[in-house]
Engineer: 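Take this structure, written in structure tokens, and hold onto it; I'll ask about it next.
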Amino acid sequence: MLKLHDTLTRSERELRPLDGKTLRFYCCGPTVYGPAHIGNFRTFVGQDVMRRVVELSGTPTLHVRNITDVDDKTIRDSIKAGQTLADFTRGWTAKFHADCQALNLLPPHVEPSAVAHIPHQVRMIETLVARGHAYAGSDGSVYFRIASFKDYGRLSHLEDRELRLGASEAASAQDSDEYSKDSLADFVLWKARKPEDGDNFWPSPWGEGRPGWHLECSAMIQEYLGDDFDLHGGGVDLIFPHHENEIAQSCCATHGKFAHHWMHSAHLMVDGGKMSKSLGNLYTLADLEQRGYTANEVRYVLISGHYHKPLNFTFDSLTAARSGLQTLAKHEAALREKIGASQPPSHGELITHGTPGLFADAWENLLNDLNVPGALGCVFSKIKDIPATRDAWLSLWFILDALGLTLPPPAGSETVDVPADIQALAEKRWQAKQAKDWAASDTLRKELEAAGWLIKDSKDSYTIVPK
RNA sequence: GGCGAGGUAGCCAAGUGGUAAGGCCGAGGUCUGCAAAACCUCUAUUCGCGGGUUCGAUUCCCGCCCUCGCCUCCA
């Protein structure tokens with residue numbers, strides 16, 4: 001049974017499905033107005049490890065992750081791009097899916113889009129208005145009345161004073177919208193149509209407009225997971241206001257408790273500082289692939305720190321990931337050959353037949369609040385002396401699958417096309433070497449190196465690899 | 001200012017009231033004509049700083065310093 005830190009109670013709690021069968025959880029997904037960056041993916045990868053551990057423990061999951069395809073940024077940028085909102089977000093959603101697949105993320109069972117659930121959101125607002133938790137402002141927007149929910153601030157542990165402080169700053173901004181609210185800290189559920197929204201508006205009992213950001217998650221959670229569900233996750237920055245607002249909306253619109261467990265991932269930092277576009281250190285998967293790194297290497301880096309601690313991303317860590325994966329791959333390949341196995345077992349096969357076995361210590365680390373670095377340490381400690389048995393091999397894959405790691409071909413095993421002239425030079429060197437003409441042999445090797453090729457000799461043959 | 005998360009070797013990063021996993025890099029060795037690969041060995045008397053509790057603290061308590069995040073549209 002997985003013990004997972006819970007943000008709300010600030011303690012580690014066992015993650016038990018409410019219905020005793022399936023772990024039902026929701027993760028806040030991306031806003032599709034551009035490529036997701038590796039910081040976003042740190043959160044998704046962490047959630048993926050959580051899901052894999054739960055499933056490998058024998059508990060099936062119901063994983064729901066939304067696509068935010070309507071908000072200020074998607075509208076703004078789609079208009080800028082001269083595309084309809086639907087066309088614009090479809091493209092970025094496809095890119096997101098491609099990245100997820102490259103990173104070996106298990107696809108959610110349900111991936112609802114905000115635009116496809118406008119009626120659900122409108123219904124939820126109607127309920128909130130009917131129950132006195134929401135009101136229409138003078139500007140045609142609808143707001144949630146924070147004062148009507150006594151537990152507001154419980155997740156983020158913000159006191160009334162802090163909430164008011166934020167509100168007073170908003171007031172100083174003199175945004176005319178703010179005056180439509182009863183309290184400056186109230187947040188918007190339905191945004192009245194504005195000229196800059198273009199064609200992107202929907203009808204509602206309060207006039208044309210579009211839903212506020214926080215509402216979509218609440219509405220789609222109710223639709224797919226009900227009033228109570230097991231776990232909700234996201235990055236730490238979503239704790240406030242996003243998740244706080246979700247709790248308020250959902251608890252007031254339903255009679256449920258909403259999420260029974262909260263998982264938040266710490267931020268990814270770059271070169272010791274925060275990631276931001278202005279600093280030029282915001283990387284996407286494509287950026288890193290262009291520099292020659294693989295998605296699997298990126299995944300390794302993203303899980304190499306505990307999800308609850310800030311992780312510093314550097315290119316050195318990416319290089320270290322490559323070497324580490326290569327070490328694992330080498331031993332795994334040798335083991336596989338010895339036992340005559342072919343393809344690694346699939347996630348599904350491991351769920352039904354897999355056990356931690358030899359790597360029980362690594363598995364314990366994972367069950368202990370997803371201690372991935374600890375688990376990796378256990379794996380590396382044993383991998384060199386792993387017994388040549390099928391059980392050991394399956395146990396290894398049980399852990400690797402929990403981490404969602406795939407292994408690259410061991411270095412030197414891949415076949416590369418060697419140009420004929422290089423091939424000829426290499427052959428000439430081999431002949432010189434066979435004739436024990438070391439001087440000629442070394443000269444030819446240097447020539448080959450200058451051309452970008454390395455010669456690796458073995459007892460009675462050699463291989464040519466690109467430098 | 002408030003709230004929260006962190007500060008462990010050159011880099012990344014676990015962990016524990018009893019004297020510091022693992023990875024990467026680096027060094028030495030075995031092997032090799034020399035390399036490469038592989039394998040072996042080594043690399044923090046010390047866990048941000050100062051106090052306290054304790055037989056004993058990196059681990060608990062107090063104070064301080066630093067980093068990061070949130071404080072209404074950021075994973």
Side-chain angles (χ1 to χ4, degrees), chain A residues 7 10 27-31 36-47 68 71-73 146 153 156-159 161-167 169-170 173 178 184-188 191 212-214 233-242 244-245 264-269 272-277 300-301 304-306 308-328 330 334 361-362 365 368 371-384 410-412 433 436-439 441-442 445 449 454-459 462-463 465:
Chain A
T7 310
R10 299 183 188 180
C27 301
C28 289
T31 301
H37 56 72
I38 55 171
N40 297 317
F41 281 118
R42 183 191 188 188
T43 297
F44 298 134
V45 167
Q47 291 161 343
T68 298
D71 80 322
D72 289 346
K73 286 174 294 213
I146 284 175
S156 53
H157 302 98
L158 290 174
E159 304 297 326
R161 203 180 62 74
E162 272 80 55
L163 296 169
R164 276 200 302 273
L165 184 70
E169 283 168 358
E178 305 295 344
L184 291 166
D186 290 351
F187 61 91
V188 70
K191 290 184 141 182
W213 172 44
H214 311 298
V236 282
D237 51 344
L238 293 186
I239 294 173
F240 188 87
H242 186 55
E244 198 71 72
N245 290 352
H264 289 101
S265 305
H267 277 291
L268 184 74
M269 313 209 291
K274 66 173 177 181
M275 223 177 2
S276 76
K277 264 183 186 164
Y300 185 99
V301 170
S304 67
H306 188 102
H308 210 258
K309 284 173 80 168
L311 176 68
N312 190 28
F313 173 86
T314 63
F315 282 94
D316 282 348
S317 63
L318 222 31
T319 306
R322 171 166 297 177
S323 300
L325 282 166
Q326 197 51 235
T327 299
L328 294 174
K330 224 163 37 200
D361 53 355
N365 271 283
N368 182 20
N371 186 349
V372 173
L376 279 172
C378 295
V379 170
F380 275 104
S381 296
K382 286 189 178 132
I383 192 81
K384 282 174 187 162
K433 180 179 168 165
K436 297 197 189 295
D437 184 351
W438 311 132
S441 172
D442 288 350
R445 170 152 54 196
E449 276 185 38
L454 280 180
I455 300 297
K456 293 183 179 178
D457 291 342
S458 59
K459 240 191 170 72
Y462 63 93
T463 53
V465 296

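The chains referred to below are lettered A, B, ... by the order of the sequence lines, with proteins before strands, and numbering in each begins at 1.
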Engineer: Which nucleotide, if any, forms a Watson-Crick or G-U wobble pair with B:U58, using both distances under 3.5 Å?
Structural biologist: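 Pairing partner, where one exists within any strand: none, as none qualifies.
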
Engineer: Taking the side chain of A:His308 as heavy atoms from C-beta outward, which of B:U72, B:C24, B:A5 is closest to it?
Structural biologist: B:A5

Engineer: Please state the P separation for the pair B:G48 and B:G7 - nearest whole angstrom.
Structural biologist: 8 Å

Engineer: Taking a pair as Watson-Crick or G-U wobble with both distances under 3.5 Å, which nucleotide is matched to B:C70?
Structural biologist: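 B:C70 is paired with B:G2.
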
Engineer: Between P on B:A36 and CG on A:Asp457, what's the gap in Å once rounded to a whole number?
Structural biologist: 12 Å

Engineer: Would you mind telling me which of B:U72, B:G69, B:C12 lies closest to the side-chain atoms of A:Val236?
Structural biologist: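 Closest of the options to the side chain of A:Val236: B:G69.
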
Engineer: Across the strands shown, which category fits A:Asn371 at heavy-atom distances under 4.0 angstrom: base, sugar-phosphate, nothing?
Structural biologist: sugar-phosphate

Engineer: Taking pairing as Watson-Crick or G-U wobble with both contacts under 3.5 Å, can you name the mate of B:C34, or confirm there isn't one?
Structural biologist: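 Partner of B:C34: none found under 3.5 Å.
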
Engineer: To the nearest angstrom, how far is A:Asn365 atom CG from B:G23 atom C1'?
Structural biologist: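 The answer, rounded to whole Å, is 15 Å.
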
Engineer: Give A:Ser381 one of three labels, base, sugar-phosphate or nothing, depending on what nucleic acid heavy atoms sit under 4.0 Å from its own.
Structural biologist: sugar-phosphate

Engineer: For A:Gly39, answer base if it contacts any base atom (sugar-phosphate contacts may also be present), sugar-phosphate if it contacts only those atoms, and nothing otherwise; contact means non-hydrogen atoms under 4.0 Å.
Structural biologist: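 Result for A:Gly39 = base.
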
Engineer: From C-beta outward on A:Arg42, which listed nucleotide comes closest to its side chain: B:A14, B:A75, B:C73?
Structural biologist: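 Nearest nucleotide to the side chain: B:A75.
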
Engineer: Say we look at B:U53 and B:C61: how far apart would their C1' atoms be, to the nearest angstrom?
Structural biologist: 7 Å

Engineer: The side chain of A:Pro241 lies closest to which of these nucleotides: B:A5, B:U72, B:C34?
Structural biologist: B:U72

Engineer: Taking all atoms of both residues into account, what is the closest heavy-atom pair of A:Asn371 and A:His306, and its distance?
Structural biologist: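 In this case the closest contact between A:Asn371 and A:His306 is CA-ND1, 3.9 Å.
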
Engineer: Once you apply the 3.5 Å cut-off to both distances, tell me the Watson-Crick or G-U wobble partner of B:U19, or none.
Structural biologist: none

Engineer: Looking at B:G33, B:A75, B:G6, which one has an atom nearest to any side-chain atom of A:Arg445?
Structural biologist: B:G33

Engineer: Name the nucleic acid region contacted by A:Ile239, choosing base, sugar-phosphate or nothing; use a 4.0 angstrom heavy-atom cut-off, strictly under.
Structural biologist: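 Here A:Ile239 touches no strand at all.
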
Engineer: Ignoring backbone atoms, establish whether A:Thr7 has a side-chain N or O less than 4.0 Å from OP1 or OP2 of B:G4.
Structural biologist: no

Engineer: Any side-chain heavy-atom pair from A:Trp213 and A:Asp72 closer than 4.5 angstrom?
Structural biologist: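 With C-beta onward as the side chain, the pair stays apart.
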
Engineer: How close do A:Gly153 and A:Glu244 get, heavy atom to heavy atom, and via which atoms?
Structural biologist: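 So the minimum-distance heavy-atom pair works out to N-OE2, 2.9 Å.
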
Engineer: Base, sugar-phosphate, or nothing for A:His264, non-hydrogen atoms under 4.0 angstrom?
Structural biologist: nothing

Engineer: With a 4.0 Å limit, can you tell me whether A:Lys456 has a side-chain N or O closer than that to the phosphate oxygens OP1/OP2 of B:A35?
Structural biologist: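 No, because none of the side-chain N or O atoms of A:Lys456 sits under 4.0 Å from OP1 or OP2 of B:A35.
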
Engineer: Just wondering, do A:Asn365 and A:Cys378 contact through their side chains at under 4.5 Å, heavy atoms?
Structural biologist: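 Of all side-chain heavy-atom pairs linking A:Asn365 with A:Cys378, at least one is under 4.5 Å.
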
Engineer: Work out which heavy atom in A:Thr43 is nearest to a heavy atom in A:Gly234; give both atom names and the distance.
Structural biologist: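 Distance-wise, the nearest heavy atoms are CG2-C, 3.7 Å.
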
Engineer: With a 4.0 Å cut-off on heavy atoms, is A:Trp438 in touch with a base, just the backbone sugar-phosphate, or nothing at all?
Structural biologist: base

Engineer: Between A:Leu268 and A:Gly374, which is nearer to the 5' end of RNA chain B once each is assigned its nearest nucleotide?
Structural biologist: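 Counting from the 5' end, the first nearest nucleotide belongs to A:Gly374.
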
Engineer: Among the candidates B:C74, B:C70, B:G23, find the nucleotide nearest to the side-chain atoms of A:Phe380.
Structural biologist: B:G23

Engineer: Searching all strands shown, indicate the nucleotide that pairs with B:A27 (Watson-Crick or G-U wobble; both distances under 3.5 Å).
Structural biologist: B:U41

Engineer: I want to verify a distance call: between B:C34, B:U72, B:C74, whose nearest atom is closest to the A:Ile146 side chain?
Structural biologist: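 Of all the options, the side chain of A:Ile146 is nearest to B:U72.
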
Engineer: Atom NZ of A:Lys384 and atom P of B:C39: how far apart are they, to the nearest Å?
Structural biologist: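 Rounded to whole Å, this separation is 6 Å.
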
Engineer: I want to verify a distance call: between B:G6, B:C11, B:A75, whose nearest atom is closest to the A:Pro310 side chain?
Structural biologist: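 Comparing B:G6, B:C11, B:A75 against the side chain of A:Pro310, the answer is B:G6.
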
Engineer: Closest approach to the side chain of A:Ser441, judged atom by atom: which nucleotide of B:U72, B:G33, B:A14 is it?
Structural biologist: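 Nearest listed nucleotide: B:G33.
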
Engineer: A:Asp72 has an atom CG; how far is it from atom C1' of B:C74, in whole Å?
Structural biologist: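 Going from A:Asp72 (CG) to B:C74 (C1'), I get 13 Å.
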
Engineer: Between C1' on B:A14 and CG on A:Asp361, what's the gap in Å once rounded to a whole number?
Structural biologist: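 Computing the A:Asp361:CG to B:A14:C1' distance gives 13 Å.
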
Engineer: How many Å lie between CG on A:Leu328 and P on B:G23, as a whole number?
Structural biologist: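 Result: 10 Å.
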
Engineer: Select base, sugar-phosphate, or nothing to describe what A:Ser265 touches, counting heavy atoms under 4.0 Å on all strands.
Structural biologist: nothing

Engineer: Roughly, in whole Å, what's the span from CD in A:Glu244 to P in B:G2?
Structural biologist: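 Rounded to whole Å, this separation is 20 Å.
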
Engineer: A:Asn312 near the nucleic acid: base, sugar-phosphate alone, or nothing, with a heavy-atom cut-off under 4.0 Å?
Structural biologist: sugar-phosphate

Engineer: Check A:Arg42 against A:Leu311 and note the closest heavy-atom contact, atom names and distance.
Structural biologist: NH1-N, 3.4 Å

Engineer: Between P on B:G4 and NZ on A:Lys309, what's the gap in Å once rounded to a whole number?
Structural biologist: 19 Å

Engineer: Can you tell me which nucleotide in B:A75, B:C34, B:A13 comes closest to the side chain of A:Leu311?
Structural biologist: B:A13

Engineer: Using the side chain to side chain contact (heavy atoms under 4.5 Å, CB included) rule, pick out the option among A:Leu325, A:Val45, A:Val372 that qualifies with A:Tyr300.
Structural biologist: A:Leu325

Engineer: Specify the closest pair of heavy atoms between A:Phe240 and A:Ser156, including all atoms of both residues, with the distance to one decimal.
Structural biologist: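 Closest pair (atom of A:Phe240, atom of A:Ser156, distance): CD1-OG, 3.4 Å.
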
Engineer: Provide the closest heavy-atom pair for A:Arg445 versus A:Asp457 in the form atom of the first, atom of the second, distance.
Structural biologist: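 Nearest heavy atoms, A:Arg445 then A:Asp457: NH1-OD2, 4.4 Å.
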
Engineer: Mapping A:Ala439 and A:His267 to their closest nucleotides on RNA chain B, which lands nearer the 5' end?
Structural biologist: A:Ala439

Engineer: Under 4.0 angstrom, heavy atoms only, what part of the nucleic acid is A:Lys433 near: base, sugar-phosphate, or nothing?
Structural biologist: base

Engineer: Base, sugar-phosphate, or nothing: which does A:His214 touch, judged by heavy atoms less than 4.0 Å apart?
Structural biologist: nothing

Engineer: Determine the Euclidean distance between corresponding C1' atoms of B:G15 and B:G69; express it in Å to zero decimal places.
Structural biologist: 25 Å

Engineer: Name the pairing partner of B:C64, where a pair is Watson-Crick or G-U wobble with both distances under 3.5 Å, or state none.
Structural biologist: B:G48

